[in-house]
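Here's the structure, in structure tokens; my notes come after.
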Protein chains: 2
Amino acid sequence: MQEHENIFEAFLAEKGLKFTLPRKLILDTVFGLHEHFDAEQLYDLIHRVSKEVSRATVYRTLPLLVEAGLIQRSVRSESRDTFEHIWGHPRHAHWVCKVCGSVHETDMQDAVRILQAKARAQNFSLTEINLTLTGICWKCQNHATESQ
Amino acid sequence: MQEHENIFEAFLAEKGLKFTLPRKLILDTVFGLHEHFDAEQLYDLIHRVSKEVSRATVYRTLPLLVEAGLIQRSVRSESRDTFEHIWGHPRHAHWVCKVCGSVHETDMQDAVRILQAKARAQNFSLTEINLTLTGICWKCQNHATESQ
DNA sequence: TGTGAAATGAGATTCATTCTCAATAAGGAT
DNA sequence: ATCCTTATTGAGAATGAATCTCATTTCACA
Ligand SMILES: [Mn+2]
Ligand SMILES: [Mn+2]
Ligand SMILES: [Zn+2]
Ligand SMILES: [Zn+2]
């Protein structure tokens, strides 16, 4: 059994909930992915493997995974909520280009340290950090320059 | 004429758009507010003063204000997009308590400096910073302790 | 005052997400 | 193994924020 399964099972047990097959399938698919994803993409992916999980269960399970600290909401893409796993992944910031829509990631350990100190100072028990930087990427700036 | 009006008018002119009465009403209401708001709240507020602005125009104007750099999307509240003005306001981080839902703000000039340096280093033209920290506030932690 | 483009309002539409509820599955107790 | 209670599920209906449509109005400028 993989560690994220242990974590989720323990989390569910704590709340008197069951580690069912649909929940296991969803969890494993999420941790088999290494990109941001939304509920619909996840539902499609699971369906390639098995027809066992309904859309409703996908939508119901995602908030449980968030609560368990395994995933977090990420940059909202168009009109959909997106997620990414955080368990086992370093904190990173998202740089969103408002021209081409690309999303880059960078390390943010230095900023994280500052924020964690701030959280301690005000007695805030910090679990998620969501840092999104919006602007124009270097590629799109170059395009703008060329076309002048 | 207030400065945000000048900025918006210049922005619109640049794009061949007009600084109309509905847009002016929306802008002034936004800058008369000093809290986070969503489109519906804004629409209601404007309606107390005048029946001149439709819901559609509110929804259409908000992205223009974002593009003009006057407001930005903020912490998503329930299912609605929320906004806050940024022009004339220092950057701040949002601390969201996942128990009571409260949203606190703190200064983040130090983190901003780090991020701006990072943006320069990778040639990213940075216009918006959105930093949301999720966890449990000190009040809710105390409640949890008391009830044990 | 006339012209063309931009803007608007009312309401229809979209579509991601949540909800409902009857049917199942889990798993502890006996 | 069988009961029993409670959690879970799937299918589809419902919700509702946001967007779109399009006929009408306003604007800027000549
Ligand atoms: Mn990411
Ligand atoms: Mn704020
Ligand atoms: Zn770009
Ligand atoms: Zn709280």
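Below, chains carry the letters A, B, ... as their sequence lines are ordered, and counting in each starts from 1.
Hydrophobic clustering of Ile, Leu, Val, Met, Phe, Trp and Tyr side chains at less than 4.5 Å, counting indirect connections, unites B/F11 with B/V58. Linking ILVMFWY side-chain heavy atoms closer than 4.5 Å, directly or via other members, places A/L25 and A/L45 in a single hydrophobic cluster. Residue B/Y43 is grouped with residue B/L64 when hydrophobic side chains (ILVMFWY) are merged at heavy-atom distances under 4.5 angstrom, including chains of intermediate members. Connection of B/I71 to A/L133 is not established within any shared hydrophobic cluster, with ILVMFWY side chains joined at heavy-atom distances below 4.5 Å, either directly or through further cluster members.
Between A/H94 and A/H36, the ring center distance clears the sub-6.0 Å criterion.
Rounded to whole Å, atom C1' of D/dA7 lies 15 Å from atom CG of A/L21. Regarding A/R23, its CZ atom lies at a distance of 9 Å from the C1' atom of D/dT9, rounded to whole Å. In this entry the distance linking CG of A/L27 with C1' of D/dT8 reads 17 Å, nearest Å. Protein atom CD of A/E78 is 13 Å distant from nucleotide atom C1' of D/dT19, rounded to whole Å. Taking atom CG on A/L25 and atom P on D/dT8, their separation rounds to 16 Å, with Å as the unit. Atoms CZ (A/R76) and P (D/dA17) sit 12 Å apart, rounded to a whole Å.
Listed by first then second residue, pairs satisfying ring-ring contact (aromatic ring centres under 6.0 Å, His included) with a partner in residues 107-128 of chain B read A/W95-B/F124, not counting sequence neighbours.
For B/H47, the NE2 atom is densely surrounded, since the number of other residues' heavy atoms within 6.0 Å is greater than 12. For A/H104, the NE2 atom counts as loosely surrounded, since its 6.0 Å shell holds 12 or fewer non-hydrogen atoms of other residues, nucleotides or ligands. Sparse packing is recorded around CD of A/E35, with 12 or fewer heavy atoms of other residues, nucleotides or ligands lying under 6.0 Å away. Atom CD of A/Q109 sits in a crowded spot, with more than 12 heavy atoms from other residues, nucleotides or ligands closer than 6.0 Å.
Between A/D44 and A/R48, none of the side-chain N atoms (NZ, or NE/NH1/NH2) sits under 4.0 Å from a carboxylate O, so this pair counts as no salt bridge.
Side chain of A/Q41 to backbone of A/D38: a donor-acceptor contact under 3.5 angstrom is found.
Close to D/dC27, at under 4.0 Å from its OP1 or OP2, lies no side-chain N or O of B/T20. Residue B/Y59 has a polar side-chain atom (N or O) positioned under 4.0 Å from OP1 or OP2 of D/dA18.
Hydrophobic clustering, defined by side-chain heavy atoms of Ile, Leu, Val, Met, Phe, Trp and Tyr closer than 4.5 Å, groups B/V103 together with B/V75, B/V96.
On the nucleic acid side, DNA chain C has its first and last nucleotide under 4.0 Å of a heavy atom of chain A at C/dA16 to C/dA26, going 5' to 3'.
Ring planes of A/H4 and A/F31: parallel class, angle under 30° (limits at 30 and 60°).
Between the axis at the start and the axis at the end of the helix from C/dT1-D/dA30 to C/dT30-D/dA1 there is an angle of 30°, using five pairs per end and rounding to 10 degrees.
No engagement by A/D38 is indicated, since no non-hydrogen atom pair under 4.0 Å with the nucleic acid exists.
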Nucleotide N/O of nucleotides 11-16 of chain D paired with protein N/O under 3.5 Å:
none

Protein and nucleotides 1-6 of chain D: nitrogen or oxygen contacts under 3.5 angstrom:
none

